[in-house]
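Reviewing the structure listed below.
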Amino acid sequence: MEEVFLPRVEFDSYGDFFNNYRVNVPEPFNFAYDVMDVLAAKSPDARALVWTNDEGCFCEFSYGELKRRTDAAASFFRAQGIGRGDMVMLILQRRYEFWISILALHKLGVSVIPATHMLTREDIEYRNNAAGIKAVVAVADGDILRHVDGSLPVSPALKVRIAVNPHGIDVPFGQACVSPDGTEHPAVDLPSGWLDFTAGAAAAAPFTPPPRAEVNANHDIMLAYFTSGTTSHPKLVAHDFTYPLGHIVTAKYWQRVRKGGLHLTVADTGWGKAVWGKLYGQFICECAVFVYDYHARFKPIDLIHKIEEYRITSFCAPPTIYRFLIQEDLSGFDLSSLEHCSTAGEPLSEEVFNQWKKLTGLELKEGFGQTETALSLFNFGDEKVKPGSIGKPAPYYNCVLLNDSGQECQDGEVGEIAFPLHSDGSAGYSTFRGRAAFPGLFLEYFRDEAKTAEVIRNGYYFTGDTAWRDEDGFFWFTGRSDDVIKCSGYRIGTFEVESVLMQHPAVLECAVTAAPDPVRGQVVKATIVLTESFRPGSEELKKDIQRFVKETTAPYKYPRIVEFTDELPKTISGKIKRKDIRAKD
C-alpha cells in the first residue's frame, strides 16, 4: 500500500528517484491504524508475520489475526492504566509478542522503548529514570525479570510489570508444554508482582479505539532507542509518529521487498535495525516478515536452512553474517527463492561481495543510517555498485560532507556527514521547534537539550560519522569523526583501514585506533582478534599484516602498531569501544 503515501512509486533512475520522490504524510498518522488495520480490512487472510524458533515451534499470522491480537493487547494494556504519552519498555528478544505489543501500544499513543535482554540491573535503573518508564513488558528468560525487580527501589515511575512465557505458543504461566522437537518445558511460575501477558490479553474486554485526535499528534514521541553509549551514558533517541513512513525507502528501494514476499532481516528486537527490517517499511509494502527465534548458540548456517525451507525472497544482514556464510559449503542448498540481498553496519569487503555474487548471483546492496535516522545513503535499484561504498543519498537526506571549518568538502576529501534541515516546500516536510523535519529523522535526544544542540545546529544534523565522495557521487564511509587519525598531515579513517584488515585471512575481528607518537603526533594502531588457524600471533604475522595493508590501500594508512588480543572491548550492542583502547594507550 505504499502508493497510498507516495504520489509516484516507480522511478527510471537514481537521479529521477532522488529528485522526485515525495511522501504524503497524513495528520494525524498512526501506523497501527493507518497501515495495519487498513491491511486487515483489505487483505485479512494475507500472510503478515511468520515466526519459528529453534525448538520447532511455528506460527503464521495474517493481517486479520494481527488486528485481533493487537486489539486484545491494547485493551489489556489500557486496563493497566497505560495510555498516551506513557513510556513503555519492551524486552522481548525475538518473541512474536513483540510485534503484537508494539502495535497495540501504538494504538494507545504510547511511547515505546525497545531494549535488549542483555541489560543489567544498573542499565535498567538508568533507563527507567532517564525516560520515566511506566511499564515493562519482558520475556521471562534469563535474569531480565530479576534485574527489573532489582531496579524497583530506585525507579519511582515504574508501576506495571508484564511478563511473557518464553516457551511454546500462547502458553500462559503455570502451564507446562512440549515443543515440536520433543523438548519438555515445565510450568514456569509467574513472578510476584508481574502480570501474565498471554492470560491478560486473552481475558481482555473488547477494544474500542479512542477518537483518533486523542491518540496522538504527528510530533508526539512514538518510538525511542537508547544508543549504545560508547563515550557516555546512553542517549535516548526520540522518533515521532511519522517515523514509519521514512522506512518506505528502506524496505522498497534498498531491501527491495515486494508485495506477497517474505523478508528476513537479522536483528534482535532490542535494536533499531529490527524496525528497519522487520516492521514498518515491510508491512507498508505488504511484504510478510520472517522471524527466526533462537535460544541456543547462533549458527549462521541455520539462516541458510531457513531461507531454503521457507522460500525467503529478500535478505538483509551485516557483513559479518555474509563472511561466515561464504565459508560454508552452500552447494547443496536451493537459494533460488532469493531475489535481493542487502547489508549495512560494518565494512563490506570486495571479496565477500564477489563470493556472495558467485554463490547466489546476487549483488550485495550496501546502505547507511543511524539510530537517529532512517536509511540515509544506499545503492539504488539496478544501477552500478561499487563494493564497499555506502552508495548515494536517499531522498530528503541531501547529504553534504563538511570539513573542520564547516565548509563543504571537495571530491576525495574526508569530512563529516551532515544533512541540511531546510524544506524546499515538498510533501513530507513539517516543522518541529522551528526547524524542518521529515519522516525518519529523529526529533531530539529526550530530556537533553544540550546534546540535541550539539548535533542539530546551523541548519544541519551532524551525524558524527565521516566519509569521502568520489567523482561519481558515491560515498565511502571512513569512521566516527572522533576516530579520525591525524598522522603526519594525513587524515585516516578507522573504518577504511579496518575494511582492508578484514580481508586478511588471519583477521577475525579488528579495531583501528590512533596511538600517540612523539614524531608523527598519532600513528595507526590495529588491535586484532585472530582466527583459530593463526593463533597465537607472531612478529612474522604482524609484518605480513602490515605488508598486506600497504599493498592493498594507500601505504600511509598501514598500522605501524599491531597488537593481538583474545577479545575486543564492546558495548552491550556489540559496538567496539575504541575509547577503551585509546585510554589504555
Is there side-chain contact between [X] and [Y], with heavy atoms separated by less than 4.5 Å?
| X | Y | answer |
| --- | --- | --- |
| Phe226 | Tyr126 | yes |
| Met89 | Leu158 | no |
| Tyr243 | Val275 | yes |
| Trp99 | Phe61 | no |
| Val136 | Ile91 | yes |
| Ile248 | Thr250 | no |
| Ser101 | Phe77 | yes |
| Glu339 | Arg258 | yes |

Exercise for review: Please test His340 against Ser314 for side-chain hydrogen bond (donor to acceptor under 3.5 Å, both in side chains), starting from the C-alpha separation and ending with a verdict.
Suggested key: CA-CA 5 Å; His340 189 75; Ser314 50; over 6 Å; no
Distance (rounded to the nearest 0.5 Å) between [X] [atom1] and [Y] [atom2]:
| X | Y | atom1 | atom2 | result |
| --- | --- | --- | --- | --- |
| Cys287 | Glu2 | SG | CD | 10.5 Å |
| Ile304 | Glu328 | CD1 | CD | 8.5 Å |
| Lys278 | Cys316 | NZ | SG | 10.0 Å |
| Leu568 | Ile576 | CG | CD1 | 5.0 Å |
| Gln327 | Leu325 | CD | CG | 9.0 Å |
| Leu152 | Lys159 | CG | NZ | 10.0 Å |

In terms of side-chain geometry, is the basic nitrogen of [X] or [Y] positioned less than 4.0 Å from the acidic oxygen of its partner?
| X | Y | value |
| --- | --- | --- |
| Asp580 | Lys570 | no |
| Asp302 | Lys299 | yes |
| Arg435 | Glu444 | no |
| Arg121 | Asp143 | no |

**Study point:** Candidate pair Ser111 and Phe446, rule side chain to side chain contact (heavy atoms under 4.5 Å, CB included), full reasoning
**Key:** CA-CA 12 Å; Ser111 302; Phe446 184 66; over 6 Å; no
Donor-acceptor check, side chain of [X] to backbone of [Y], threshold 3.5 angstrom: yes or no?
| X | Y | result |
| --- | --- | --- |
| Arg256 | Lys252 | no |
| Thr70 | Leu103 | no |
| Asn53 | Cys57 | yes |
| Asp141 | His167 | no |
| Ser342 | Glu366 | no |
| Thr265 | Ala267 | no |

Over all atoms of both residues, closest heavy-atom pair of [X] and [Y]:
| X | Y | value |
| --- | --- | --- |
| Pro209 | Tyr33 | CB-OH, 3.7 Å |
| Ile113 | Ala131 | CD1-CB, 3.7 Å |
| Asn129 | Pro156 | OD1-CD, 3.6 Å |
| Val139 | Leu92 | N-CD2, 3.7 Å |
| Ser75 | Ala205 | OG-O, 2.7 Å |
| Ala130 | Arg447 | O-NH1, 3.3 Å |

Using a 6.0 Å cut-off, check whether atom [atom1] of [X] has over 12 heavy atoms from anything other than its own residue.
| X | atom1 | answer |
| --- | --- | --- |
| Glu27 | CD | yes |
| Lys584 | NZ | no |
| Phe432 | CZ | yes |
| Asp181 | CG | yes |

Practice item. Starting from the C-alpha separation in whole Å, work towards a yes-or-no answer on ring pair (Phe, Tyr, Trp, His ring centres under 6.0 Å) for Tyr292 and Tyr294. Key: CA-CA 6 Å; Tyr292 175 47; Tyr294 54 88; 5.6 Å; yes
Check your understanding: Looking at Tyr445, is Lys451 sitting on its ring face, NZ or CZ under 6.0 Å from the six-membered ring centre and within 45 degrees of the normal?
Key -> no
Review point. Does the pair Asp170 and Tyr96 meet the rule for a side-chain hydrogen bond (donor to acceptor under 3.5 Å, both in side chains), with working shown?
Key: CA-CA 10 Å; Asp170 296 338; Tyr96 60 83; 2.9 Å; yes
Have [X] and [Y] got a donor and an acceptor in their side chains that come within less than 3.5 Å?
| X | Y | answer |
| --- | --- | --- |
| Ser179 | His185 | yes |
| Ser151 | Asn128 | yes |
| Asn30 | Asn216 | yes |
| Ser430 | His219 | yes |

Exercise for review: Dump the intermediate steps for side chain to side chain contact (heavy atoms under 4.5 Å, CB included) on Arg161 and Asp149, then the final yes or no.
Suggested key: CA-CA 9 Å; Arg161 289 166 288 157; Asp149 287 342; 2.6 Å; yes
Check your understanding: For His305, which residues count as a ring pair (Phe, Tyr, Trp, His ring centres under 6.0 Å) partner, sequence neighbours excluded?
Key -> Phe333
Revision key, fill the gap. Residues passing the side chain to side chain donor-acceptor pair (under 3.5 Å) test with Lys273, sequence neighbours excluded, are none
Exercise for review: Scan Tyr461, Phe368, Phe419 and name whichever one has a ring-ring contact (aromatic ring centres under 6.0 Å, His included) with Tyr397.
Suggested key: Phe419
Exercise for review: Please name the residue in the list Phe241, Tyr280, Phe5 that meets the ring-ring contact (aromatic ring centres under 6.0 Å, His included) test with Phe29.
Suggested key: Phe5
Exercise for review: List the steps and the verdict of side chain to side chain contact (heavy atoms under 4.5 Å, CB included) for Trp254 and Val249.
Suggested key: CA-CA 7 Å; Trp254 175 49; Val249 171; 5.6 Å; no
Review point. Under 30°, 30 to 60°, or over 60°: which ring-plane class applies to Phe315 and Tyr322, parallel, tilted or perpendicular?
Key: perpendicular
**Study point:** Check against side chain to side chain contact (heavy atoms under 4.5 Å, CB included), Glu372 and Leu441
**Key:** CA-CA 6 Å; Glu372 290 87 344; Leu441 183 68; 5.6 Å; no
Point to revise | Ring centers of Tyr310, Phe290 separated by less than 6.0 Å | key: yes
Point to revise | Within residues 85-109 or reaching into it, pairs that qualify as salt bridge (Lys or Arg N to Asp or Glu O under 4.0 Å) - sequence neighbours excluded | key: Asp37-Lys107, Asp71-Lys107, Asp86-Lys134, Arg94-Asp268, Arg94-Asp293, Arg95-Glu97
